[in-house]
Amino acid sequence: MAFGWIDEQAAARRRAGLVRTLRPRPADSPLLDLASNDYLGLARHPEVVEGAAAAARTWGGGATGSRLVTGTTELHGELERELADFCGFEAALVFSSGYAANLAAVTALAPHGSLIVSDAGNHASLIDGCRLARGTTQVVAHADPDAVRKALGTHDGPAVAVSDTVFSVDGDAAPLAGLAGACREHGAGLVVDDAHGLGVLGTGGRGAPHAAGLAGADDVVVTVTLSKSLGSQGGAVLGPARVVEHLVNAARTFIFDTGLAPASAGAALAALRLLGREPERAARAREVATGLHARLTAAGLEAVRPDAAVVSVRAPSPEEAVQWAADCRAAGLFVGCFRPPSVPDGVSRLRLTARADLSEEQIERAVRVIGETRP
């Protein structure tokens with residue numbers, strides 16, 4: 001029977017407790033949200049919503065084509081210029097998603113004969129970029145500049161190291177200065193995904209590379225998403241102008257994909273401008289994360305110390321993690337639940353996201369619910 005193997009895989013997932021389910025949420029959910037990546041609480045901010053609406057009224061519902069045909073509007077150019085300026089890079093290129101931006105950066109900057117050195121904890125989009133690139137990939141130990149240095153020392157041709165800046169599972173930060181140093185010893189480029197750093201780390205939320213003193217470096221390329229701190233949708237690559245020009249001509253997820261919808265571009269631009277006026281939002285997101293961690297550990301839970309806005313709480317097993325998250329929802333709290341294969345170390349956990357707009361009462365409530373429902 002066609003696709004008969006699907007039933008076998010479905011049965012295996014059920015036995016392992018790894019079945020995933022879509023749960024559509026209402027527009028006005030009663031749950032306290034510690035699951036979304038809306039770190040700055042901007043997704044529903046009136047200025048961001050109006051930015052989306054105004055762009056849709058002006059440009060329509062869709063981009064109408066690929067960026068190289070009709071999909072580039074004046075609004076896209078405006079967003080790219082302001083995003084590059086805010087983060088401290090020479091140029092930026094906007095994509096329809098952060099995933100597409102990562103595929104573009106890795107595949108276009110790792111041609112045949114090159115070496116890609118990839119952190120073992122990287123996000124799936126970076127991993128898929130490595131799989132699709134024509135270069136050879138070597139996976140190295142997590143957050144280990146010496147391992148990167150050793151791998152680069154085995155290769156004589158073009159090379160690039162690839163890493164998240166803040167890892168999405170445990171929320172720990174990569175040693176960016178050390179990684180850059182290892183790359184520079186061997187003339188290699190550094191590509192980092194700042195999806196979880198933009199809006200949270202760096203001066204006023206300018207990102208982890210900015211905080212590490214790497215913004216604007218001619219050997220550093222940064223990818224970001226517009227769907228987390230900026231409360232919109234889409235992604236971008238930031239870096240030297242010649243790298244961006246290369247992506248325009250060589251990145252398949254740019255050339256052959258429809259451009260980012262104008263509403264998303266308008267929302268992201270409004271959020272970026274708002275963050276520029278209210279830089280304290282970044283510090284508040286970090287403060288909430290630190291507070292969550294302190295309260296959780298004081299309650300006897302095994303929580304990982306956050307470097308940005310992600311707080312991870314270990315669970316005994318995949319099944320217990322799923323039940324824990326379900327019990328939290330029943331008690332009015334929405335939390336993330338990460339299980340294999342989404343976690344590289346095979347350890348299931350609840351994943352909490354600190355939002356800048358959470359009150360102290362909401363933080364206390366979240367910790368209380370998590371503690372009361374623990375397995």
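Quantities reported herein were computed from a predicted structural model and do not represent experimental measurements.
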Derivation of the side chain to side chain contact (heavy atoms under 4.5 Å, CB included) call for Leu274 and Leu272: CA-CA 5 Å; Leu274 195 154; Leu272 186 65; over 6 Å; no
Test side chain to side chain contact (heavy atoms under 4.5 Å, CB included) on Tyr39 and Thr353 and set out the steps. CA-CA 7 Å; Tyr39 297 135; Thr353 51; 3.8 Å; yes
Verdict with reasoning, Val200 to Arg286, per side chain to side chain contact (heavy atoms under 4.5 Å, CB included): CA-CA 7 Å; Val200 178; Arg286 298 194 302 270; 3.7 Å; yes
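For the side chain to side chain donor-acceptor pair (under 3.5 Å) with His142, the lone residue among Asp172, Asp164, Asn122 that qualifies is Asp172. Evaluated for a side chain to side chain contact (heavy atoms under 4.5 Å, CB included) with Leu190, the options Leu179, Val148, Val117 yield exactly one hit, Leu179.
Salt-bridge annotation for Arg273 and Glu78: present, with a side-chain N of the basic residue lying under 4.0 Å from a carboxylate O of the acidic one. With salt bridges taken as basic N to acidic carboxylate O contacts below 4.0 Å, one links Asp219 and Arg184. One finds a salt bridge joining Glu360 and Arg295 here, because a Lys/Arg side-chain nitrogen approaches an Asp/Glu carboxylate oxygen to under 4.0 Å.
Listed by first and then second residue, the salt bridge (charged side-chain N to carboxylate O under 4.0 Å, His left out) pairs that reach into residues 298-326 are Asp170-Arg314, sequence neighbours excluded.
No hydrogens or angles considered: a donor-acceptor pair under 3.5 Å links the side chains of Asp33 and Ser36. Side chain to side chain, Thr72 and Arg67 meet the donor-acceptor criterion of an N or O pair below 3.5 Å. No side-chain donor from either of His293 and Thr290 sits under 3.5 Å from a side-chain acceptor of the other. Asp327 and Gln323 share a side-chain donor-acceptor pair at under 3.5 Å.
Counting heavy atoms from C-beta on, the side chains of Val288 and Arg355 never come closer than 4.5 Å. Residues Phe254 and Leu68 are in side-chain contact: their nearest non-hydrogen atoms beyond the backbone lie under 4.5 Å apart. Annotation: side chain of Tyr99 is in contact with side chain of Asp128 (closest heavy-atom distance under 4.5 Å). Side-chain contact between Ser96 and Asp257 is present, with at least one heavy-atom pair separated by less than 4.5 Å. Between Leu152 and Glu185, every side-chain heavy-atom pair lies at or beyond the 4.5 Å cut-off. Two residues are said to be in side-chain contact when any heavy atoms from C-beta on lie closer than 4.5 Å; Val222 and Cys87 fail this criterion. Side-chain atoms of Leu75 and Leu269, non-hydrogen and from C-beta on, do get closer than 4.5 Å to each other.
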Please table the atom pairs, donor to acceptor, closer than 3.5 Å between any side-chain atom in residues 237-244 and protein atoms at least two apart or in another chain.
none

Show me the donor-acceptor pairs within less than 3.5 Å that the side chains of residues 40-65 make with the rest of the protein, sequence neighbours left out.
| from | atom 1 | to | atom 2 | distance (Å) |
| --- | --- | --- | --- | --- |
| Arg44 | NH2 | Ala27 | O | 2.3 |
| His45 | ND1 | Glu47 | N | 3.1 |
| Glu47 | OE1 | Arg277 | NH2 | 2.8 |
| Glu47 | OE2 | Arg277 | NH2 | 2.9 |
| Glu50 | OE2 | Arg57 | NH2 | 2.5 |
| Thr58 | OG1 | Ala54 | O | 2.9 |
| Thr64 | OG1 | Thr70 | OG1 | 2.8 |

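The local environment of CD in Gln233 is sparse, with at most 12 non-hydrogen atoms from other residues, nucleotides or ligands closer than 6.0 Å. Taking a 6.0 Å sphere around CG of Asp156, one finds it holds 12 or fewer heavy atoms contributed by other residues, nucleotides or ligands. Heavy atoms from other residues, nucleotides or ligands lying under 6.0 Å from CD of Glu280 number more than 12.
The two atoms that bring Gly199 and Ala282 nearest to each other are O-CB, 3.3 Å, heavy atoms only. The two atoms that bring Ile370 and Trp324 nearest to each other are O-NE1, 3.2 Å, heavy atoms only. Listed here is the closest heavy atom pair of Leu247 and Ala108: CD2-CB, 3.4 Å. What you find for Leu126 and Ser163 is that their closest heavy atoms are CD1-C, 3.9 Å. Ser232 and Ser264 make their closest contact through OG-O, 2.7 Å (heavy atoms, listed as atom of the first residue, atom of the second, distance).
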